[in-house]
Number of protein chains: 2
Amino acid sequence: MAARQQNRSSQGRRRASHSMESVLTEAVALLDEAGAPALTFRALAQRLGGGVASIYWYVANKDELLDLATDHVIGSILSDVEALPGGDDPVDDLRAIAVTLFDAIVARPWLGAYFMRNTNAQSNSLRLYEHLGAQTLRLDLTARQRFHAVSAIIGVVVGSAVDLGQEPPQEVLDGHLGRDEFLGRAAQAWRELDPADFPFVHGIVDEFDGHDDADQFRSALDLTLAGLRLQAGT
Amino acid sequence: MAARQQNRSSQGRRRASHSMESVLTEAVALLDEAGAPALTFRALAQRLGGGVASIYWYVANKDELLDLATDHVIGSILSDVEALPGGDDPVDDLRAIAVTLFDAIVARPWLGAYFMRNTNAQSNSLRLYEHLGAQTLRLDLTARQRFHAVSAIIGVVVGSAVDLGQEPPQEVLDGHLGRDEFLGRAAQAWRELDPADFPFVHGIVDEFDGHDDADQFRSALDLTLAGLRLQAGT
DNA sequence: ACCTGAACACCGTTCAAGT
DNA sequence: ACCTGAACACCGTTCAAGT
């Protein structure tokens, strides 16, 4: 079937041969499988079937590796965003894009920490930024308002994402405790606080218990978009 | 003046003696002086004048150290928040609290990554949460709306904070480049993009160049609060 | 041009032992 | 009850050398 790989000499496996593409694909695979702590140069080298030092031919350091891995997956998020239908209401289109970003981060919680962190090294991020911003060009806003509006929307996404990206406590990872049990346990602690000292916490503990992160995100996004709509006079 | 310290024997310095308080104070000092990477058990032990292992008497692991250090500084932020005058408009009071939080994070950029991350281990965080929430009790909202409103506001703070907490690139740290030069350099790269492909980016590049993070935060916060005001019918 | 092995300096964490 | 020294297993990064 496949031709004999050039990097196998007659003596057996000798020299590995990588490529930027394979380095990033395997880096993302590690991140997806076990989160940010799983991405080490040694683990990555092992997956690539080579030595640690060869990775440094492709990236200058770990920060750059993370930036490029992030931009790599943002490439596919960008495709999703570009596939969005787009309607006649720019604010609704902004919402649809933001929800797409949020969903992508839910699927890859490690993304939360690196998303939109460095638009220089991340060229797909810049395109995504442009895509969001393009919707604001359809609204009656000043340049400064547009700049701030897009920053605010990204802020809502990142703010929610950071919450999601939090490594769950050890009990949850070990599978001894599901997310619901974990929330329930925290909720129980809240219920035991003095209601006179914590009236708000008592009032919302039932909402907190078993809450959906997506709901929370949607509400935060809707508040920002409502404010934006008001500002644009739409 | 001060009595001879018990941990000095006649042979000279022998056994160090710590306390939770001194551990956290020195941990915060390290974080303040050089950011999150500076807080290592070895550096902390050196400042405390003892061995690394003794720190484990006070905290179970580094995560707990970070949680407690964060809660420690949130204690003083809480004092600032409680010292706020408080007016007749709950939304304005929410804004004042949020701005206080933002200012605290500007002063301690490392906080951004840990702020409000674990209200279990962080008892001062919970009090701060209650303080924000208490303002929403003065608004005509459902429990769910209150819960989401406070989450949204914290999201705006954290979203902006994450941006601030980013370690500046090496050139800025080295002092070869100021923040303005750094922004200007990025802005210049944006100006060189094809305007047909990046109309939005071109439209806001002058806003981006030399922008103030506080302005950006204030705008994001105001959008959220405007949305909240609308929701509460105030 | 691209890959390797071995080293370096540094982490968090543990543990048997001291006081 | 609290502290210590030394070890362990792991990091990112470098470099002289190979192909």
Side-chain angles (χ1 to χ4, degrees), chain A residues 4-24 26-27 30-31 34-69 110 113-114 121 167 169-170 173-174, chain B residues 4-27 30-31 34-69 110 113-114 167 169-170 173-174:
Chain A
R4 190 200 228 314
Q5 293 175 28
Q6 330 132 311
N7 57 340
R8 280 174 185 270
S9 84
S10 49
Q11 309 288 329
R13 224 192 292 137
R14 282 321 206 115
R15 239 171 102 100
S17 168
H18 315 323
S19 68
M20 190 75 242
E21 173 67 24
S22 65
V23 168
L24 297 184
E26 294 305 322
L30 277 168
L31 291 165
L39 179 59
T40 66
F41 278 84
R42 286 169 230 269
L44 182 53
Q46 197 178 359
R47 279 182 93 107
L48 292 166
V52 252
S54 62
I55 300 169
Y56 284 91
W57 180 259
Y58 297 94
V59 298
N61 51 45
K62 189 163 185 187
D63 247 34
E64 190 175 306
L65 176 61
L66 247 354
D67 274 343
L68 291 175
W110 59 269
Y114 308 101
E167 345 245 314
Q170 200 53 41
L173 279 178
D174 291 351
Chain B
R4 188 198 228 318
Q5 293 175 28
Q6 329 133 311
N7 57 337
R8 280 174 185 271
S9 83
S10 50
Q11 308 289 330
R13 225 192 292 139
R14 283 317 205 116
R15 241 172 100 98
S17 168
H18 313 326
S19 68
M20 191 74 247
E21 173 66 24
S22 64
V23 168
L24 297 184
T25 301
E26 292 306 322
L30 277 168
L31 289 165
L39 179 58
T40 67
F41 278 83
R42 285 170 231 271
L44 182 52
Q46 197 178 0
R47 279 183 92 108
L48 291 166
V52 250
S54 63
I55 300 169
Y56 284 90
W57 180 259
Y58 297 93
V59 298
N61 51 45
K62 189 163 184 183
D63 246 35
E64 190 174 307
L65 176 61
L66 246 354
D67 274 344
L68 291 175
W110 59 269
Y114 308 101
E167 345 243 315
Q170 201 54 42
L173 279 179
D174 292 352

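To find a chain, count down the sequence lines: A is the first, B the second, and so on, and within it residues start at 1. Just so it is clear, the model here is predicted, and its values are computed rather than measured.
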Item to check | Full working for side-chain contact (heavy atoms from CB on, under 4.5 Å) between D67(A) and V59(A) | outcome: CA-CA 10 Å; D67(A) 274 343; V59(A) 298; over 6 Å; no
Checklist outcome for this item: Sorted by chain and number, sequence neighbours left out, side-chain hydrogen bond (donor to acceptor under 3.5 Å, both in side chains) with T40(B) holds for none
Checklist entry - Of all residues at least two apart in sequence or in a different chain, which pass the ring-ring contact (aromatic ring centres under 6.0 Å, His included) check with F41(A)? => result Y56(A)
Checklist entry - How far apart are the C-alpha atoms of L66(A) and L39(A), what are their side-chain angles, what is the distance that settles it, and do they pass the side-chain contact (heavy atoms from CB on, under 4.5 Å) test? => result CA-CA 9 Å; L66(A) 247 354; L39(A) 179 59; 3.7 Å; yes
Next on the checklist: Less than 4.0 angstrom between a side-chain N/O of S54(B) and OP1 or OP2 of dT4(D), yes or no?
Outcome noted: yes
Next on the checklist: So, does W57(B) get its side chain near the phosphate of dC2(D), meaning an N or O under 4.0 Å from OP1 or OP2?
Outcome noted: yes
Item to check | Watson-Crick and G-U pairing of DNA chain C written in dot-bracket, each distance under 3.5 angstrom, with | for inter-strand partners | outcome: ||.|||||...|||||.||
Item to check | Separation of E64(A) CD from I55(A) CD1 (nearest 0.5 Å) | outcome: 13.0 Å
Next on the checklist: For nucleotides 8-18 of chain C, give me one character per nucleotide, 5' to 3': B if any protein heavy atom sits under 4.0 Å from the base, S if the only such contacts are to the sugar-phosphate, - if neither.
Outcome noted: ---BBBBB--B
Item to check | Point-to-point distance, once rounded to the nearest 0.5 Å, from OH of Y114(A) to CG of L68(A) | outcome: 13.5 Å
Can you list, pair by pair, the side-chain donor-acceptor contacts under 3.5 Å of residues 43-52 of chain A, counting residues two or more places apart and other chains?
{"from": "R47(A)", "atom 1": "NE", "to": "E26(A)", "atom 2": "OE1", "distance (Å)": "2.8"}
{"from": "R47(A)", "atom 1": "NH1", "to": "E33(A)", "atom 2": "OE1", "distance (Å)": "3.1"}
{"from": "R47(A)", "atom 1": "NH2", "to": "E33(A)", "atom 2": "OE2", "distance (Å)": "3.1"}

Item to check | Residues in side-chain hydrogen bond (donor to acceptor under 3.5 Å, both in side chains) contact with T25(B), at least two apart in sequence or another chain | outcome: E21(B)
